[in-house]
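Below is one structure, written out as structure tokens; comments come after it.
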There are 2 protein chains.
Amino acid sequence: MRPTVNDIAREAGVSLATVDRVLNARPGVREKTIKAVNDAIAKLGYVRDLTAANLARSRNYRIAAILPDAESQFVQSLAQALQEAGSLAATSRVDLQVLRFPTEDPHALAAILTGLPARGFAGVALMAPETPVLRDAVRALRAKGLPVVALVSDLPATGRDHFIGTDNHAAGRTAGVLMGRFLGDSPGQVLVLGSSLLARDMVERRRGFDAVMLRDFPQIEVLQSLETHGSPQLLRQVVSQMLANAPGVRGIYSMGDGQRALTQTIEDMGLSGKLVVICHQLTPHVRSALQAGTVTAAISQNLGHLARSTLRVLRAKLDQQPIDEGQEQIRIEIVLRENLPDTPDSGLQTSEDAA
Amino acid sequence: MRPTVNDIAREAGVSLATVDRVLNARPGVREKTIKAVNDAIAKLGYVRDLTAANLARSRNYRIAAILPDAESQFVQSLAQALQEAGSLAATSRVDLQVLRFPTEDPHALAAILTGLPARGFAGVALMAPETPVLRDAVRALRAKGLPVVALVSDLPATGRDHFIGTDNHAAGRTAGVLMGRFLGDSPGQVLVLGSSLLARDMVERRRGFDAVMLRDFPQIEVLQSLETHGSPQLLRQVVSQMLANAPGVRGIYSMGDGQRALTQTIEDMGLSGKLVVICHQLTPHVRSALQAGTVTAAISQNLGHLARSTLRVLRAKLDQQPIDEGQEQIRIEIVLRENLPDTPDSGLQTSEDAA
DNA sequence: CAGAAAATGAGGTACGCACCTCAAAAACGC
DNA sequence: GCGTTTTTGAGGTGCGTACCTCATTTTCTG
């Protein structure tokens, strides 16, 4: 049987009330007594029963997940994954709300953040580009005691409590090896595409990709990256132009979104299966493109895991509990046609883990 | 506020005792009354607070994980991952014990299984080859109401409650694509190695591998698989002989354990980096071999996730709760040098997921 | 050493639920 | 309509903790 507060009281020779004062850091206890209680705790190996404690407190975890209001597949899928994880976690007193902010307006975002405590939120998960305004807003939140975790794209300067996402530099490197090895020994060129929604990710991926290509696959020439700014038309135009004019292009690395336009362009040009195409995120379009052979590999982070991890980490922070780093590390997944998971999840994204 | 049992009682116009009888399927309630209560539950959207319920029951989940007593790296790592997940889950009333059985003695295993209920175990996770004795023992357990999950290698004929592990056929296929693509267009031969601890896995992997190689990479000849029966000496001997005599061998697919002997043999022969080597499981040796370039890719299942998933699934079964299939699906991970996770976990295995 | 201040103890209530007992009410058989 | 069986209600106790009040004891101050 695990020891309880009563056991501690007996062991320390004090009353239950005193144990309670020590456990919950209430004032009015002598140093000496505090020590006696703590010794008893250590001796008995007491650990607070969190479920009972939460029951007594009738605690609930009101959490805000804040995402850009972009209509991108990725953000949509993430929002959905968060919603699902949230409703599943409702059993454990978690109340998650997904909020959106206008992508290009850091001040609006800051305003939302600032308003959170008044709205009763106790923790925040945030996916946003790092700006000075944002940094200050996050710091203010943390000063008020709200844990803040960065989602997908890190916010190191804000002093966020945790980052939940993959190592984008490593992801870029991984894409690099795959590209290099899949292309084989003969020379060729690689097209790199990137929207610029969250600059930090893209830059890191690109760096990792270039580093590997340069070092290990010198026979491949990596072309300058093409920014498509999330516009399918632009992407289509740029890609078809490049493919038509540069016969040496044998591979495409797509770092951002716009997978749908990309795969369609490739298929329209009859190049499906003739190029090595590597992209990020396993959206439904990428799924079918993998199956059709238009996309060779996808580098993805598991959104279900991401969402569940977010909730676990925020809850741990709110409970002042330690975090199981192993469990919260988001892996860089390589998805080929052959290891495409069937998707019992949302139908939007692969899944796994948790809780 | 979430509705409670009291709200149901009021809504249904019955007493708390009756609600309790209905909720816990106790006898002595008329059909009509049961319906009234259930209607109230549906109307209010009541969901039982599991943490409070478990507190009241002072429920604990005593679980046995049963593994072969093989000294293989894989089994050791799995045991460790289970232990760790177990001690972390101790906070949530989980008491996990890892038991071992003599690998080659199905009757001893059956005896252990049969003895479990008497020893107070309420759920079982089992990694073992499927034999008739085992099948009967598992069925007997399930008849007694103990949930049983199969670990790593499935036990379909036993009627186990759940299988926790990867789709080995898909894993073999994945290894196949990687091998084929990494080898490039020129012809060559591939060596396949397999111990035979858990026949089912190996067979499935082999089938998947062969299917892909045959269909997509006809220029590569896949040699007959070599059984090493877990003996490092035998493996070393077989491999060096093959490599010396068959100059066409450009790749090695190692389906089982004995990674250490394999990588050392390759390094001793000065072939590190000159062969495409794909193996299963990311043991410490494979990690360093990946870094050194001796191993090209590892197909792995995340043991931390596997362990956490095991506990979650068994707990869900014991609570008669539904399972989040998305979270419990064990992904087939492809690990290259570039996406080698740093291992905050056990140092023995990569990690991620689960709670 | 008296008086004030600080520390401690005793006890209760609550959280949401499980599980038990005993009496009262309702339904049933004949 | 009687006795019998079944169903229901009322109420209590406990799980392990939080949080509150009020009395009592101990310690400090001058």
Scan side-chain atoms only and decide if Asn54(B) and Tyr61(B) contain a donor-acceptor pair under the 3.5 Å cut-off. yes

Side chains of Arg48(B) and Asn24(B): donor-acceptor distance under 3.5 Å anywhere? yes

Looking at DNA chain D, which of residues 49-63 of chain B put a heavy atom within less than 4.0 Å of it? Leu55(B), Ala56(B)

Under 4.0 Å from any atom of DNA chain D, heavy atoms only: list the residues of residues 2-13 of chain B that qualify, in numerical order. Gly13(B)

Pull out every protein N or O sitting under 3.5 Å from an N or O of nucleotides 28-30 of chain D, one pair per line with the distance.
none

For Leu126(A) and Leu109(A): C-alpha separation, side-chain torsions, deciding distance, then whether side-chain contact (heavy atoms from CB on, under 4.5 Å) applies. CA-CA 10 Å; Leu126(A) 180 58; Leu109(A) 171 57; 4.1 Å; yes

Arg160(A) NZ/CZ over Phe163(A) ring centroid, <6.0 Å and within 45° of normal: no

Test of understanding: with side-chain contact (heavy atoms from CB on, under 4.5 Å), list the residues that count as partners of [X], not counting sequence neighbours.
X	result
Phe121(A)	Arg62(A), Ala64(A), Gln97(A), Leu116(A), Arg119(A)
Val47(B)	Arg2(B)
Glu130(B)	Leu155(B), Pro156(B), Ala157(B), Thr158(B), Arg200(B)

I'd like to know if Asp39(B) and Lys43(B) make a salt bridge, using a cut-off of under 4.0 Å between side-chain N and carboxylate O. no

Minimum heavy-atom distance [X]-[Y], with the two atoms named:
X	Y	answer
Gln301(A)	Gly165(A)	OE1-CA, 3.9 Å
Ile34(B)	Val29(B)	CG1-CG1, 3.6 Å
Leu134(B)	Ala128(B)	CD2-CB, 4.5 Å

What protein N or O atoms touch nucleotides 24-28 of chain C N or O atoms at under 3.5 angstrom, if any, and at what distances?
none

Whole angstroms only, please: what is the [atom1]-[atom2] distance between [X] and [N]?
X	N	atom1	atom2	answer
Leu16(B)	dC15(C)	CG	P	13 Å
Gln320(A)	dA18(D)	CD	C1'	16 Å
Arg93(A)	dT17(D)	CZ	C1'	12 Å
Asn24(B)	dG16(C)	CG	P	17 Å
Ile34(B)	dT7(D)	CD1	P	9 Å

Return the 5'-most residue of the pair Gly28(B), Tyr46(A) with respect to DNA chain D, ranking by each residue's nearest nucleotide. Gly28(B)

Are there any protein N/O atoms within less than 3.5 Å of an N/O atom in nucleotides 20-22 of chain D, and if so, which ones and at what distance?
none

What residues, two or more places apart in sequence or in another chain, satisfy side chain to side chain donor-acceptor pair (under 3.5 Å) together with [X]?
X	value
Arg21(A)	none
Arg135(B)	none
Arg26(A)	Asp20(A)
Arg10(B)	Asp7(B)

Would you tell me if any nitrogen or oxygen in the side chain of Ser15(A) comes within less than 4.0 Å of OP1 or OP2 on dT8(C)? no

Is a donor on one side and an acceptor on the other found under 3.5 Å between the side chain of Ser58(B) and the backbone of Leu55(B)? no

